[in-house]
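See structure below.
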Amino acid sequence: MASKSIRRFLSHSSLLVGIAIACLICLTPVGQILERTLVGHVLIEIPLLVVAGWALGAAIKPYLHRALGYFNGGGISGLLLVTFTIAFWMIPRWLDASLQDPVVGIAKYTSLIFIAGMPLGLSWQRAGFITRGVVKLEFLAMLFRLGWLYLISPERLCNSYLISDQSALGQTMLLIGGLLCVVWLVPLFVGAQPEEGSSAPSTS
Amino acid sequence: MSKWLTALAISGILTAGILSIWVGTEGGLAWTAESARRLEIRRQPLLLDNYPLQSTKGGESTLVNNSKSLQIVDFIYTSCPDVCLAMGAEFRDLQTVLSEFDPANRVQLVSLTFDQENDSIEQLQGYLEAFGAIGARWSAAKFSKSEDLHSVLDELGVVVIPNEPHGFVHNAAFYLVVSDSVVGIFNIDDTSQLIEEVKWHLSQLGAS
């Protein structure tokens, strides 16, 4: 009984957190301020939108868990959707377009919340150790690929940003990639065998 | 049952995902906004409106030119510290190359300023002099109305952003205008393709 009400409370607070972050970015000048720099746009705004979606996904999970189970075995469909959605917004053309064209801007906000963040929140717990590993590796690879590209490109890839901004993004991506390598990979070699779902915080 | 549905969902998402990236980059050809715009103008030349300009040639003129001539256009501002200097130097080189196969000046070079506030005709004249522009070949101009400038920049996909502490940055390119349409957008650091195309258009115009 107690655990049920705690769960309900968590679900509600997660819903509020998700809505709060989404509103903060989409409806207040915060989004525009973050979009002034490439680092703010790609490494703060986009992740925040995904986090907002994740929180919303976590909030509605209890209601959808069974129904989604049919389509989302092992969380693979959901995580694939997340990967493609994020990859799409990493295309410089569309990142640029989201600033120049309000329709594309709205598409970016909604897709990152509802078809990146939300499926991530709905799928991560379902994913096994191997699936999580693949997703993490792909994420690292994306950071290194894009980081390198942005760092060495002599041309501006986005019309809306300066070249110095672009190399700053490249450096930051490589730095985050390096840090995540340590955080994610070192525990695999040091210490006990990882357990399934060990990276998920558990209160039980 | 659930395995099959999951497999179905995975194949659907894979197809939609690959398709959206394929379509979103025109089959892998347009990863940046600039390359997308170039591709679009290649497929469908951009018809220019008859915007009035004030030219260093004196009096009013317009970009639209129905006579048998070609124009290579770029956007500059005279207080520009870097990329416009590179473009000015490229135009100077183009001037030399063009005189070899087009002594009649059928190919015109036009530098348009996007600094409506600060660039006067006198300043544009100074810019041309600084690069040793030959008057019959290379002129500079400003739009008579600022809104015309903005609609042209918009149509060409030029984004001008402020570069602190001074100046602007924009996606610089050379625009090839044949009579009344922009038919191609070219890199400023390699004009060989532009020259080839100019020669081809000249031969077409000469033949007709």
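Lettering of chains follows the sequences in order, A, B, ..., and the numbering in each one begins at 1.
Residue A:N159 comes nearest to B:A33 through the heavy atom pair ND2-CB, 3.8 Å, listed as atom of the first residue, atom of the second, then distance. The minimum heavy-atom distance between B:A9 and A:F71, with the atom names listed, is CB-O, 3.6 Å. When every heavy atom of B:W31 is checked against every heavy atom of A:I91, the shortest pair comes out as O-CG2, 3.5 Å.
Here the straight-line distance linking atom CH2 of A:W94 with atom OG1 of B:T32 works out to 12.5 Å at 0.5 Å rounding. For the atom pair CG (A:N72) and CD1 (B:I10), the distance works out to 8.5 Å, reported to the nearest 0.5 Å. Rounding to the nearest 0.5 Å gives a distance of 10.0 Å between OG of B:S11 and CG of A:L80.
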Legend entry - B:I161/A:R36 under side-chain contact (heavy atoms from CB on, under 4.5 Å): CA gap, chis, key distance, verdict: CA-CA 11 Å; B:I161 51 174; A:R36 276 186 204 154; over 6 Å; no
Inset, instruction - In sequence, state the C-alpha distance, the side-chain angles, and the governing distance for A:Y161 and B:V169, and then conclude on side-chain contact (heavy atoms from CB on, under 4.5 Å). - result: CA-CA 9 Å; A:Y161 295 106; B:V169 166; over 6 Å; no
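Summarising the local packing, CG of B:L29 is surrounded by more than 12 heavy atoms from other residues, nucleotides or ligands at distances under 6.0 Å. No more than 12 heavy atoms of other residues, nucleotides or ligands shown are found within 6.0 angstrom of CD on A:Q32. Environment of CD in B:E60: crowded, with over 12 heavy atoms of neighbouring residues, nucleotides or ligands closer than 6.0 Å. No more than 12 heavy atoms of other residues, nucleotides or ligands sit less than 6.0 Å from atom CZ of A:F139. By the 6.0 Å contact criterion, CD on B:E147 is enclosed, its count of non-hydrogen atoms from other residues, nucleotides or ligands being greater than 12.
The contact between B:T25 and chain A is made by backbone and side chain atoms together, counting heavy-atom distances below 4.5 Å. Looking at B:L14, the atoms closer than 4.5 Å to chain A (heavy atoms on both sides) sit in the backbone and in the side chain alike. Proximity to chain B is limited to the side chain of A:D96, based on heavy atoms less than 4.5 angstrom apart. Of the atoms belonging to B:I13, heavy atoms from both backbone and side chain fall under 4.5 Å from chain A. Looking at A:E155, neither its backbone nor its side chain comes within 4.5 Å of chain B, counting heavy atoms on both sides.
At a threshold of 4.5 Å between non-hydrogen side-chain atoms, the residues B:T6 and A:Y70 do not count as touching.
Among A:L162, A:I163, A:T83, A:L157, the residue with the largest count of heavy-atom pairs under 4.5 Å with chain B is A:L162.
Checking side-chain atoms of A:R93 against main-chain N and O of B:G24 turns up a donor-acceptor pair under 3.5 Å.
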